[in-house]
Each structure stands twice: as C-alpha cells, then as structure tokens.
Undergrad: 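To start, I am sharing the structure in question, which I have written as structure tokens.
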Number of protein chains: 2
Amino acid sequence: MNPAPAFDVMDPACPSRTVLRHLTDRWTPLIVTVLSDGSRRFGQLRDEVGGVTAKVLTQTLRSMERDGLVTRSVTASVPARVDYELTDLGRSLIAPIQALRGWAEAHAGQVLDARASWGEG
Amino acid sequence: MNPAPAFDVMDPACPSRTVLRHLTDRWTPLIVTVLSDGSRRFGQLRDEVGGVTAKVLTQTLRSMERDGLVTRSVTASVPARVDYELTDLGRSLIAPIQALRGWAEAHAGQVLDARASWGEG
DNA sequence: CGGCATCCATCCCGATACTG
DNA sequence: CAGTATCGGGATGGATGCCG
C-alpha cells in the first residue's frame, strides 16, 4: 500500500523541491561533511566549518533538526554543552554530499581555468 | 609536476567554496538533470525545468557557461534558435547531482514526516 | 524565440551586543 | 559555551516590458 508518491523535483509544487533546496543551503553540505566523521559540539562545528557565524550555524542546525537530519543533545553543565549528530536519515546523505563536495574539490582547477579563459573563444 | 593544489571546502578562502556554491545554486542541479538527457533549446529547458523564469534561466546558464559546464550554440535563423549542451566537465557532474536529486525524491517523505512530528519528541 | 533592461521583493546571511 | 536579539546589507531571483 501507499506506493511512494512519486516525488518529482521538476514539479515546482513538489515538496522534494524544498527538500533539495535545504540540502543545497550554503552550510548544510559542509555540516554534513564534518558530522560524517562523528558527533561534534557546537563550538567544534563552528571551528571546523570555516567562516560560519554562530547565528547562521544555529539556524542551519535547527533546520536540519526539523528535517530529521541531525539530533541535538544538551548536557546541562557549566558551561553548557551541546552535541550534534547525524541521524540515520542524515547519514544516508553522506554519500551524495561527499560526491558533490568531492567533485568541487577535484574539479575546482578546471572550473577556474574555464573562468580564466572566458571570452577567448 | 603540479600536484593538485589540495582544494579544501572547509577553508573559507578556498576557490572550491565558490565552485560548490555554484553547483548548489537554485536551478543548476535541475538544469544539469535535464541536460543529462541531451542538448536542449532554451524554451525546452524553461518548460522542463518547472517554475524558472527566462531571466534567471539565462543567468544560471551564463554562469554555467563561464564555469565550463555547458556550451551555448546559436543558430542564426528566424526565429532565433539557441541550444545548450553539457561539456565533458558538465557531464562529470551528472552522477553527483543525480545522487543528490535522487536522495531528495527518495527521502522527501521521511523529511516531511520529520517536519510534521516536530515538537512531539 | 531568445534574452536583455529595469525595477523590486525577499531572503539568506553577517556583525555586533547581550544572556543563561 | 551556546546560544538569542537586533539591525541591516548584499545577493538571488521574480514581474514586466522591449528588442533583434
């Protein structure tokens, strides 16, 4: 029963569109990459994902939490400690995002070359 | 000679960051997906990629052209005809982007469930 | 048909300051 | 340490109109 509802990203009204957009948020791929190595505290995450501010990191993590990609566990201590970890669903994202990140790092040189020779024909 | 310059997306200053951002632009994954099936005319592309406006489609295609991902060929006729096609570099993107799009469509249901049960924890 | 120009909405994102 | 509050800017993207 309930055959998969046939999500289609080419359909503007399909929910998979917003899912894809979340996956491609500025910091989501980087966060998934760091967390693929295991759970991290908030501060570790902020340090390892270079260039992200605390506010935006929080926003992105909250969004990922709502989407069921990460869990957030608070340890009531002084000072406070909060750990983030990928869920099973989040872990299933590692391979696709690895592929994308890997492509970016592997082909960045070719892209830069293409930009440099732009207009030379 | 020239060992790969070790691009690292975790480094805010690394060019692979901007490359990754382009790959994750709103319409880039959808355009790559359509073009993975073969070249397309501008209008076909606009129709198959649901919801994109002509202006933004042009912008994205130009950006992809600069990055060496697509070629643009103009046929001087009346009315004008313009075809877009993935380059070799662009084709190497098909697999990673397929993986991401596939994940979005395959797991959209689970993400929606997670959102729906948000706060029930 | 393809696409540029213009104007405009908005939305992500960032800097800073402050709190439990 | 791990946030939240506030302010604000710059990029992205959408609507409309004109052109070759």
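So you know, we letter chains A, B, ... as the sequences are listed, proteins then strands, and number each from 1.
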Undergrad: Please determine if a side-chain N or O atom of Tyr84(B) lies less than 4.0 Å away from the OP1 or OP2 oxygen of dG3(C).
TA: yes

Undergrad: Could you check which of dA15(C), dC4(C), dG3(D) has an atom nearest any side-chain atom of Arg62(A)?
TA: dG3(D)

Undergrad: Over how many whole Å does the gap from Asp25(B) atom CG to dG13(D) atom C1' extend?
TA: 11 Å

Undergrad: Give the rounded distance in Å between these two atoms: CD of Glu65(B) and C1' of dG2(C).
TA: 14 Å

Undergrad: Check for a donor-acceptor pair, side chain of Thr28(A) on one end and backbone N or O of His22(A) on the other, with a separation under 3.5 Å.
TA: yes

Undergrad: Thr53(B) side chain: which of dG3(C), dC1(C), dA15(D) is closest?
TA: dA15(D)

Undergrad: Where the side chain of Pro79(B) is concerned, which of dG3(D), dC1(C), dG2(C) is the nearest nucleotide?
TA: dC1(C)

Undergrad: Have Arg40(B) and Tyr84(B) got a donor and an acceptor in their side chains that come within less than 3.5 Å?
TA: no

Undergrad: Would you say His107(A)'s side chain and Trp103(A)'s backbone share a donor-acceptor pair under 3.5 angstrom?
TA: no

Undergrad: Between dT6(D) atom P and Gln59(A) atom CD, what is the distance in whole Å?
TA: 14 Å

Undergrad: Going by heavy atoms closer than 4.0 Å, what residues in residues 30-48 of chain B are next to DNA chain D?
TA: none

Undergrad: Strictly by salt bridge (charged side-chain N to carboxylate O under 4.0 Å, His left out), give each pair with a member in residues 14-23 of chain A just once, sequence neighbours left out.
TA: none

Undergrad: Which residue, Arg21(A) or Asp83(A), contacts DNA chain D at a nucleotide closer to its 5' end, judged by nearest heavy atom?
TA: Asp83(A)

Undergrad: Output the rounded distance in Å from CZ (Arg26(A)) to P (dC13(C)).
TA: 7 Å

Undergrad: Choose from dC13(C), dG3(D), dG3(C) the nucleotide whose nearest atom is closest to any side-chain atom of Arg72(A).
TA: dG3(D)

Undergrad: Nearest to the Val82(B) side chain among dG3(D), dC13(C), dG2(C), which nucleotide is it?
TA: dG2(C)

Undergrad: Indicate yes or no for a side-chain donor-acceptor contact from Thr87(A) to the backbone of Gly90(A) under 3.5 Å, with no hydrogens or angles considered.
TA: yes

Undergrad: Would you mind reading off the distance between Leu57(A) atom CG and dC13(C) atom P, rounded to a whole angstrom?
TA: 12 Å

Undergrad: For Arg101(B), what residues pass the side-chain hydrogen bond (donor to acceptor under 3.5 Å, both in side chains) criterion, not counting sequence neighbours?
TA: Gln98(B), Glu105(B)

Undergrad: If only atom types and distance count, is the side chain of Ser39(A) paired as donor or acceptor with the main-chain N or O of Asp83(A) below 3.5 Å?
TA: no

Undergrad: Atom CH2 of Trp27(B) and atom P of dG13(D): how far apart are they, to the nearest Å?
TA: 8 Å

